[in-house]
Every structure is written in C-alpha cells, then in structure tokens.
Amino acid sequence: MDLQKLAQKFNIKSEQEDYNVIHDTVEKGIFFKGTNLWILIFAILIACVGLNVNSTAVIIGAMLISPLMGPILGMGYSLATYDFGLLRKSLVNFGFAVASGLGASTLYFLVTPLAEAHSELLARTQPNIYDVIIALAGGLAGIVALSSKQKGNVIPGVAIATALMPPLCTAGYGLASGTWNYFFGAFYLFTINTVFIAVATLLIVRFLKYPIWQGVDENMKKTANRWVSFIATITILPSIYFGYILVKQERFAQNAQSFIRNETNIEGDYLLKSDIDPAKHTIRLVYGGRLIPEEVKQTIIDKARHYNLRGATISIQQGFSLEEEGAEENLLAINTQQAEINRLRANLGTTLQLQDSLNRRKHLGKQLLQELKPLYPEITTCGAADQVFYNDSLQAQNYLTLVLGSSDRRKTLANREKLEGWFRSRLNTDSVKIYIE
C-alpha cells in the first residue's frame with residue numbers, strides 16, 4: 001500500500017457533512033428549552049440518585065441522556081469560526097445549565113436521608129492530567145462525528161467518557177454537605193471537561209477549515225485566540241501537578257507492596273495486617289506472635305531504603321504477643337472456644353442429617369406403594385416404621401416394619417415370600433417384618 005492510499009484512509013473530509021447542516025446542528029444543540037430543558041432536569045435527577053446510591057449503571061444512564069455537550073460544542077465551534085453572537089448564546093445557555101445542575105443537585109442532597117459519600121462520588125473529586133487527555137480525546141471524537149455524514153453512536157460514547165453531569169452533581173453534594181474540597185475538586189473536573197471538549201472542537205473546526213460566516217476584525221481574532229490559550233493553560237496547570245502527585249503515590253504504593261511482600265517476614269510472628277497510605281507516605285505493620293525486639297523492627301525499617309521508600313514513616317506494632325502476661329491463657333481460651341464452635345458445628349451437621357433421614361423415612365411408605373402397584377395391583381396401602389423388638393432374654397433387635405393393606409388378602413399372603421424378598425432387596429436390609437391387613 002503506497003502512502004497516498006494510506007493517507008486516503010485517514011482522510012475525514014471525504015465523508016464530511018455540508019457546512020450549513022453542521023452549523024444548524026450545532027446551533028440547535030445549544031438551546032435549553034422545551035425537550036432539551038426537560039431532558040436536562042431528568043439527567044440531573046438520575047445522576048444525583050446514582051451518586052447517592054453508588055450505582056454505576058444509573059450514572060451512565062444520566063451521562064447518556066445529558067444534553068450538556070450541546071453548548072460546549074457550540075462554544076468551541078463559535079470560537080473557531082469567530083461567530084461571537086453564537087458564542088454569547090452558548091455561554092448563556094451553558095451558564096443556565098450549570099446553575100440548574102448545581103441548584104437541583106444541592107437541593108437533592110440537602111433533602112436525601114442518604115448522606116454518605118460513596119466511591120462513585122469520591123471518584124469525581126480528584127482530577128488530574130489524565131482527565132485532560134480524556135476530555136481532549138472525547139471532544140475530538142465528538143466534533144469529528146458531528147462533522148461526518150456517518151455520525152453513528154459516537155456522541156453518547158463521548159458523553160460517557162467525558163462524564164459532564166456526575167462531577168456537576170458531585171459539586172452540588174459538596175455545597176449541600178459543606179465539604180468544600182469535594183466541591184472544588186468536582187467543579188474543577190467539570191471545568192477540565194468543558195474547556196478541553198471546547199478546545200478539541202476548535203482544533204478540528206480549524207483543521208477542516210470551516211467557513212467564517214461573518215467578517216471579523218483581525219484584532220478581535222487575536223484577542224479571542226489569546227483568551228482561549230490563556231484559559232486552556234490556566235486549566236491544565238493544576239491537573240499536571242495533580243497528575244504528578246498521582247504518579248508518585250502509585251509508585252509509592254507499588255514499592256511499599258514489594259517491600260511488605262519481600263522483607264517483613266519475622267520468624268515466630270505473623271503479619272496480621274498491613275496498611276499503606278500513599279498520600280501520607282506511611283506504612284503500618286501489625287504482627288501477632290512473639291514479642292518483637294526493637295533491633296528486629298529497626299532492621300526491617302532499614303531495608304525500606306532498598307525499595308525507594310526513603311522518607312516513608314514505617315510503624316511496626318504488636319497486635320498481641322505470646323510473651324505478654326496472660327497471653328498463653330488467652331490463646332488457650334481462644335483455642336478452647338474454637339474447639340467448642342467446631343463441636344457445635346459437627347453436632348448441627350449430624351442433627352441435620354438425622355432430620356433429613358427422618359423426613360425421607362416418613363415418606364417411604366408412599367414411595368414403596370408406588371413401586372409395588374405395578375407388580376402387585378391388589379396392594380392398596382403401605383406403611384413403614386422403625387420398631388424395636390425384644391426377645392425372652394430382653395435383647396433388642398431393630399426392624400423396619402411394613403404394614404400392607406390388600407384388596408385380596410389371600411393372594412397377598414400367597415405372595416408373602418416374594419414380597420419379603422423384594423423388600424429386602426429394595427431396602428438393602430434383612431431386618432424387615434411384614435404385616436398384611
């Protein structure tokens with residue numbers, strides 16, 4: 001394949017929609033009235049409930065139906081084509097959507113009885129440079145799809161990937177609960193998504209050389225471009241720092257896990273628990289067993305430097321020691337209690353087995369009658385019970401007693417020997433007594 005054919009495969013202009021159609025599509029998606037307004041309200045409610053009950057599926061549903069992408073694409077499109085009238089409309093409608101989202105989510109979290117911050121909510125409070133990459137790539141995919149005649153289902157996918165609605169509702173939770181770090185973290189994530197979706201839209205529109213519909217002064221163009229560059233730079237800088245912090249914490253966690261796995265074994269002691277806090281650079285080890293000498297603790301701590309954990313705070317704690325006063329008695333008591341638990345479990349198992357056996361024996365007569373009827377149609381009833389018989393020497397013998405009812409007693413008595421043989425074979429026992437009524 002030559003370079004020309006390869007370049008043709010990457011050419012997006014060959015499927016490009018008419019500029020007027022694209023312009024009308026962008027303009028229609030900006031406004032929040034009628035259908036779009038109601039969809040926005042429903043999306044806000046769904047996102048709040050999803051965050052409140054920690055349901056990923058519900059949150060994805062809110063992202064899918066959220067119409068917030070419209071004015072953001074409008075901002076990027078209008079800046080790229082220097083259509084400042086359309087930019088004003090985009091900003092006004094976007095501001096209305098943001099205010100509605102914040103107000104509604106704050107009100108919801110004020111009245112809901114569920115106040116705990118779950119993982120889905122917390123995930124929206126710590127943005128970093130990776131969120132910038134996601135927003136930029138999502139925005140690029142969104143505007144490329146919008147510009148193409150083959151739009152497919154890219155826009156819903158972009159809405160899920162860039163997640164506009166959940167961080168806005170999380171900011172509302174921060175306002176309602178007064179946790180300002182949640183509010184600022186979530187609102188910063190929302191800002192990242194907004195700015196870089198718009199920037200991605202601007203880049204693609206400029207790359208595809210969309211027409212500029214109105215004459216614009218060159219100074220106005222330069223001013224607009226400077227403002228775009230300034231806002232993008234101001235937005236991205238904190239995310240770079242947070243991304244750096246995230247990478248450091250991930251490395252610390254990996255190094256700490258390697259250290260714990262390789263260097264924390266102490267003969268005569270068992271590592272009961274290990275806690276790693278990458279944010280505070282701390283490692284806590286809790287042991288049970290013999291009392292650990294201070295020099296052994298120090299030896300373990302010194303080994304941490306081989307795992308790039310210099311500066312980390314490592315604490316080694318004794319959960320319980322067999323050398324402490326009363327420790328052996330406590331251990332003996334624990335073992336005794338465990339033995340008693342095991343005995344009770346075994347007895348419970350035996351009781352359940354006995355109960356199961358009794359239930360089966362209770363219905364044995366019915367089962368035997370069903371099997372006998374095809375062979376001996378004259379037998380009408382069958383009962384089975386365990387009985388103990390005593391002889392003259394008062395020795396006990398267990399028998400399974402079978403009582404048979406027959407419509408033709410003489411015929412059944414004639415078949416008695418055959419019946420006994422059948423019962424012994426069927427029940428796998430010789431201890432069988434038959435009574436025929």
Report the residues that fulfil side-chain contact (heavy atoms from CB on, under 4.5 Å) with T299, sequence neighbours left out, ordered by chain and then residue number.
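K303.
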
Among residues at least two apart in sequence or on other chains, which ones pass side-chain contact (heavy atoms from CB on, under 4.5 Å) with N20?
D18, W213

[X] vs [Y] side-chain heavy atoms within contact, under 4.5 Å:
X    : Y    : answer
N128 : Y244 : no
T264 : S274 : no
I314 : K297 : no
I283 : L285 : yes
F242 : D131 : no
V432 : R426 : no
L102 : V98  : yes

For the residue pair H281 and F252, categorise the inter-ring angle as parallel (less than 30°), tilted (30 to 60°) or perpendicular (more than 60°).
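Rings of H281 and F252: tilted, 30 to 60°.
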
Identify the two heavy atoms, one from [X] and one from [Y], that lie closest to each other, and give their separation to 0.1 Å.
X    : Y    : result
V26  : G74  : CG1-CA, 3.6 Å
F259 : L309 : CB-CD1, 3.8 Å
L136 : V199 : CD1-CG1, 4.4 Å

Side-chain donor-acceptor contacts of residues 173-180 below 3.5 Å, not counting sequence neighbours, with atom names and distances?
{"unit_1": "Y173", "atom_1": "OH", "unit_2": "A115", "atom_2": "O", "d": "2.7"}
{"unit_1": "S177", "atom_1": "OG", "unit_2": "Y173", "atom_2": "O", "d": "2.8"}
{"unit_1": "S177", "atom_1": "OG", "unit_2": "T179", "atom_2": "OG1", "d": "2.7"}

side-chain hydrogen bond (donor to acceptor under 3.5 Å, both in side chains), that's the test. Do E120 and S55 meet it? Break it down for me.
CA-CA 8 Å; E120 286 290 346; S55 172; over 6 Å; no

Out of curiosity, [X] [atom1] to [Y] [atom2], how far, rounded to the nearest 0.5 Å?
X    : Y    : atom1 : atom2 : answer
I46  : I65  : CD1   : CD1   : 3.5 Å
I234 : I236 : CD1   : CD1   : 11.5 Å
T194 : I72  : OG1   : CD1   : 4.0 Å
T313 : K280 : OG1   : NZ    : 11.0 Å
Q370 : L372 : CD    : CG    : 10.5 Å
I260 : R284 : CD1   : CZ    : 11.0 Å

Test log, rule side chain to side chain contact (heavy atoms under 4.5 Å, CB included), inputs F32 and I41
CA-CA 10 Å; F32 283 100; I41 293 169; over 6 Å; no

Sub-3.5 Å donor-acceptor pair from the side chain of [X] to the main-chain atoms of [Y], do we have one?
X    : Y    : value
Y307 : Q254 : no
T112 : Y108 : no
S66  : A62  : no

When the aromatic ring centroids of H23 and Y77 are compared, is their separation below 6.0 Å?
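Yes.
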
Taking the ring of F94 and the ring of F190, is the distance between their centroids below 6.0 Å?
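Centroid separation for F190 and F94: below 6.0 Å.
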
Stepwise, does the side chain to side chain contact (heavy atoms under 4.5 Å, CB included) test hold for Y287 with I316?
CA-CA 8 Å; Y287 287 88; I316 299 177; 3.7 Å; yes

Step-by-step side chain to side chain contact (heavy atoms under 4.5 Å, CB included) determination, T125 to N181
CA-CA 8 Å; T125 60; N181 56 325; over 6 Å; no

